[in-house]
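Single-structure report; data block below.
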Amino acid sequence: MDIATVIGFISGIALVSITILMGGNVGIFINYPSMILVIGGTIAATLINFPLSDVLAVFKTIKNSFIQKTSATAGVIEQLVNFATVARREGILALENQDSDVSDEFMRKSIQLAIDGTAPELIKDILTTEIAFMEDRHAMGQSIVNAMAAFAPAFGMIGTLIGLVQMLATLDDPSMIGAGMAVALLTTLYGALLSNLVFLPVVGKLKVRTALELLQKEIVIEGLLSIQSGDNPRVVEQKLKAFISPVERELINAGK
Amino acid sequence: MDIATVIGFISGIALVSITILMGGNVGIFINYPSMILVIGGTIAATLINFPLSDVLAVFKTIKNSFIQKTSATAGVIEQLVNFATVARREGILALENQDSDVSDEFMRKSIQLAIDGTAPELIKDILTTEIAFMEDRHAMGQSIVNAMAAFAPAFGMIGTLIGLVQMLATLDDPSMIGAGMAVALLTTLYGALLSNLVFLPVVGKLKVRTALELLQKEIVIEGLLSIQSGDNPRVVEQKLKAFISPVERELINAGK
Amino acid sequence: MDIATVIGFISGIALVSITILMGGNVGIFINYPSMILVIGGTIAATLINFPLSDVLAVFKTIKNSFIQKTSATAGVIEQLVNFATVARREGILALENQDSDVSDEFMRKSIQLAIDGTAPELIKDILTTEIAFMEDRHAMGQSIVNAMAAFAPAFGMIGTLIGLVQMLATLDDPSMIGAGMAVALLTTLYGALLSNLVFLPVVGKLKVRTALELLQKEIVIEGLLSIQSGDNPRVVEQKLKAFISPVERELINAGK
Amino acid sequence: MDIATVIGFISGIALVSITILMGGNVGIFINYPSMILVIGGTIAATLINFPLSDVLAVFKTIKNSFIQKTSATAGVIEQLVNFATVARREGILALENQDSDVSDEFMRKSIQLAIDGTAPELIKDILTTEIAFMEDRHAMGQSIVNAMAAFAPAFGMIGTLIGLVQMLATLDDPSMIGAGMAVALLTTLYGALLSNLVFLPVVGKLKVRTALELLQKEIVIEGLLSIQSGDNPRVVEQKLKAFISPVERELINAGK
Amino acid sequence: MDIATVIGFISGIALVSITILMGGNVGIFINYPSMILVIGGTIAATLINFPLSDVLAVFKTIKNSFIQKTSATAGVIEQLVNFATVARREGILALENQDSDVSDEFMRKSIQLAIDGTAPELIKDILTTEIAFMEDRHAMGQSIVNAMAAFAPAFGMIGTLIGLVQMLATLDDPSMIGAGMAVALLTTLYGALLSNLVFLPVVGKLKVRTALELLQKEIVIEGLLSIQSGDNPRVVEQKLKAFISPVERELINAGK
């Protein structure tokens with residue numbers, strides 16, 4: 001699990017909660033109809049905007065992006081170099097036995113293609129197509145969360161307008177003005193929190209993660225093709241290290 | 001009909017209605033002159049901005065995009081593979097009899113061109129031009145709805161300003177301030193609802209749908225040309241499946 | 001004259017006027033100093049921003065774009081096909097007599113170049129350059145109106161701020177607060193109306209019109225060159241119809 | 001001096017001044033600490049953002065762009081055609097004597113290069129590099145003024161927030177609320193005026209002027225190379241007129 | 001240290017402080033819970049958005065960009081010309097002794113590569129890759145600070161909404177309204193100051209600095225390759241001066 005994200009979410013919610021607690025009166029900040037309007041309105045507008053299947057998929061994507069651990073890029077390279085060593089020594093079919101250790105599905109599929117003796121061009125074609133569709137899927141996911149980041153404050157404002165109209169139209173008892181406005185402002189607060197503490201940072205997270213996954217998958221393709229063509233493990237390492245920054249390269253070297 | 005869109009619209013309107021109903025006083029939210037100002041002003045600005053024929057066309061496009069069912073891409077591919085089988089077995093002219101089953105006009109036209117023995121280059125040219133004009137037409141439609149999404153809140157604000165000026169200028173009876181402001185805020189509320197629950201999600205919908213239609217029409221062209229050149233049905237299937245994601249491909253295979 | 005634009009302007013102004021009239025007190029919405037500040041400030045900022053000659057030209061462009069009738073693209077094609085028929089039958093010099101019927105200056109100039117026996121490359125060069133400068137001129141015009149659409153609400157806000165400061169600084173008589181704020185808000189209302197009912201839709205109109213003029217001028221060049229090279233009228237028609245949508249093509253065919 | 005800019009500035013300031021004067025109480029609009037906060041804050045943020053030398057240079061650029069007269073493009077072309085005539089008749093070295101009449105430094109430098117017998121490729125290289133750096137310098141200047149147009153309203157709002165907090169915290173005497181808010185709003189007014197009447201129009205002005213200077217410098221390069229290659233003055237004129245619009249071309253012809 | 005940045009920060013903070021001091025009541029502007037909410041919320045959202053290592057790196061980048069002195073580009077060129085002179089006279093290995101004087105790590109590494117006799121293509125490849133990763137790292141840093149510039153005012157508004165709800169819900173004592181609103185507005189003030197006096201100018205600074213570093217590193221690569229190929233020091237100087245503006249070139253010449 002990504003530690004920074006967890007720290008970010010917990011500290012963000014804690015900060016807002018403590019600020020509210022310090023005011024003494026927690027109950028006034030909890031208003032279920034207001035919550036339902038903002039969250040429900042955001043989801044409703046999103047459902048009109050995007051196909052149902054894509055909206056459902058985005059929740060899975062978000063969940064994965066927080067729970068699934070991204071493997072370190074350095075680790076991916078080391079694993080490929082190990083495979084290169086095995087393939088050099090015992091032939092490419094020996095990778096069959098290594099296969100069970102591989103947790104990443106994309107790498108397992110790539111190895112299987114190499115073991116099956118698929119032609120390099122075809123391997124590259126199949127895997128590149130798979131990456132392209134992954135990119136499309138992730139771009140769709142990002143645009144859905146982006147739309148939610150825009151709809152949440154909008155429905156917050158709609159809720160506040162409804163509350164203000166109700167309060168203003170029944171202005172008989174001036175002592176109720178404050179309470180009415182307090183409730184009316186809650187939806188705007190909910191919308192702002194949803195957008196700035198959830199949707200916007202999650203879009204950013206998804207972007208960073210997509211870039212990382214893309215890089216690692218490209219490294220896997222490059223590495224597999226290099227192994228298949230019988231490259232020396234040191235050559236495989238050289239080729240793959242060109243994908244990572246000089247700083248990370250030294251980390252790998254130091255780890256040896 | 002697209003189920004997510006229907007759910008979205010109904011739940012969105014229900015949420016807002018329930019929020020209003022819970023306030024007890026529904027009548028204060030219905031103000032016909034305010035509605036006419038916001039909707040009318042939006043339409044007026046749109047009519048100045050775009051040619052009349054395009055504005056009228058956009059309503060038809062929106063209606064179609066909600067009522068017309070999009071055929072599943074997998075279904076389009078299966079149909080083309082069937083045609084390939086028929087053409088392989090009985091010759092391309094046998095497609096004449098299949099023609100009546102085809103509900104999609106673009107596919108029917110494509111088949112007719114193939115049956116007529118039109119040269120492949122010309123078929124590609126004719127159909128690609130048709131797709132290009134479809135894209136232009138849809139882009140125009142999207143920019144019209146986009147403009148409406150911007151004009152609606154603007155006229156909402158204009159209505160509120162008019163209401164505020166009227167209320168403030170006749171501030172004789174302080175007890176009327178609340179009622180006056182409530183009415184003044186209604187146009188802003190209408191504008192925000194129109195923009196966020198109708199126009200913006202509809203633009204998104206149109207974009208997603210255009211992308212899907214474009215993909216399917218490209219598949220039809222590719223498939224027709226493949227059939228016309230006498231390709232084996234299995235080759236036709238391979239070629240067309242490259243257009244869809246690995247997940248969808250497995251759905252087709254599973255459906256067999 | 002463009003009927004949609006006229007309907008848009010009249011209905012937009014009518015809607016706002018009726019909304020104001022329904023409030024009973026029309027006089028409070030008319031404040032000449034406020035109007036002068038918003039309109040004058042917008043023009044002042046525009047004059048600093050753009051050369052005087054271009055600002056003056058934009059008013060002419062706007063006037064033309066509302067008064068001048070755009071010829072239907074189908075009509076332009078039909079006219080060119082007629083010229084092709086005449087040129088085929090009686091030689092290209094016979095177009096001299098047709099020339100007086102042509103209302104569009106660009107087409108008349110193109111025909112004259114063809115009659116004068118100018119080389120095709122030179123004709124294309126001269127006319128394409130003219131189109132390029134027309135595009136530049138129109139782009140400048142659009143950016144001027146765009147700037148006005150941004151300056152108008154800004155000066156509306158500046159006027160409201162001035163009014164608020166004046167009202168707040170002389171808060172001796174609380175009964176005057178309302179009237180003061182009403183006047184202060186007027187400039188914001190004027191700025192919003194100018195921007196959303198005039199400048200923004202006019203920019204859109206100019207864009208649509210520029211695209212149409214550009215298309216028609218390209219059709220004229222293509223047609224003239226085709227006529228000059230002695231093409232058969234049917235070939236000329238085929239070539240030019242590729243510029244318009246299948247729907248419009250059928251309109252021409254139906255009109256025959 | 002550019003007459004439209006002067007008219008714009010004077011009329012803009014006059015309009016705002018008259019609006020304020022009509023309120024009778026001019027003194028309330030002049031608040032030196034507020035002015036210092038908005039202007040000073042804008043300059044401070046700009047100094048953090050950009051290198052000192054570039055910030056200082058931008059003031060010179062702005063001053064020049066208002067005081068220096070831009071030569072008419074038609075005049076530049078006529079001058080180059082004159083040089084072509086002299087060079088044709090008396091040899092390129094005769095331009096030495098013309099040199100003193102040339103007020104534009106770029107043209108003088110170009111002529112000197114031609115007189116010195118520099119190879120055409122090298123002349124083009126040297127002058128194009130100089131233009132590229134001029135473009136960079138102007139782009140930097142535009143982005144600095146653009147940043148100021150964004151910082152000015154931001155510091156206006158910061159000033160208003162400070163004023164509001166001070167006023168609200170000392171709400172003992174309700175009769176002082178108005179005066180306090182009036183002062184608080186002044187910084188927002190200053191920020192809006194600075195942005196909309198100074199910085200934004202000046203950025204626009206700089207852009208238009210850069211485009212014009214660029215065009216004229218390109219005409220000078222083209223003209224010089226044409227003169228150096230011994231072209232006939234009429235050919236030089238033809239080549240250079242391709243850079244200007246048909247309308248301007250007729251102005252030159254009419255002026256003959 | 002960059003003098004303009006220091007002046008900017010000090011004068012900006014001084015201006016705001018003096019404005020607050022003039023109001024007499026400094027204490028009301030210092031509210032630790034509000035500060036913690038705005039700064040903490042901004043950091044929390046940033047941590048969700050970006051990987052922890054990149055967020056930590058950005059603070060180092062910002063610190064460096066204010067403390068580390070950028071070497072003048074002219075100085076970089078002079079140093080390379082000196083190296084060229086030494087290499088011409090005493091052979092490229094003589095640069096070994098110069099190496100200790102070089103404070104810039106990139107240049108030292110480049111020289112070392114040249115001394116080691118690395119092939120020119122490989123040197124270019126290694127150094128260009130290093131520059132590309134530096135660009136990536138800086139772009140990530142800029143997008144992190146950019147995100148903070150957007151989150152700070154958002155959490156300022158969230159804090160104000162929380163404060164308003166608390167104040168409005170406990171509107172028993174009208175005399176406390178002012179004090180409550182004053183505190184509520186503080187978070188908006190903090191957010192605006194953080195964004196406009198810190199984050200936005202720092203992003204600008206990082207952009208300008210990245211551009212400068214990039215240019216200098218490209219000059220180093222070009223210079224090293226020129227030295228390695230045995231170019232005459234004057235040729236090296238000519239080549240490198242093409243990277244800087246004519247004005248800077250004259251400064252170098254004047255300094256001779």
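The figures that follow rest on heavy atoms only: side chains count, while hydrogens, waters and symmetry mates do not. Proteins come first, then strands; the chains are lettered A, B, ... in the order of their sequence lines, and each starts at number 1.
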From CA spacing to verdict: side chain to side chain contact (heavy atoms under 4.5 Å, CB included), C:I39, C:Y190: CA-CA 9 Å; C:I39 298 175; C:Y190 294 159; over 6 Å; no

Quick one: what part of D:I244 sits under 4.5 Å from any heavy atom of chain C, side chain, backbone, both or neither? backbone

Any idea which of C:L52, C:I36, C:L37 has the most non-hydrogen atom pairs under 4.5 angstrom with chain D? C:L37

D:V198 versus chain C, the contacting section by heavy-atom distance below 4.5 Å: neither

Set out, in order, the CA-CA distance, both residues' side-chain angles and the distance that settles side chain to side chain contact (heavy atoms under 4.5 Å, CB included) for D:M181 and C:L164, then state yes or no. CA-CA 9 Å; D:M181 272 198 69; C:L164 283 178; over 6 Å; no

So, do D:M148 and D:V203 sit near enough that their side-chain heavy atoms are less than 4.5 Å apart? no

So, the part of D:A14 with a heavy atom under 4.5 Å from chain C: the answer is neither

Tell me whether C:E130 is salt-bridged to C:K109, with the criterion being a basic N under 4.0 Å from an acidic carboxylate O. yes

Measure C:M134 against the heavy atoms of chain D and call it side chain, backbone, both or neither at under 4.5 Å. neither

What distance do C:L224 atom CG and C:K124 atom NZ have between them, rounded to the nearest 0.5 Å? 12.5 Å

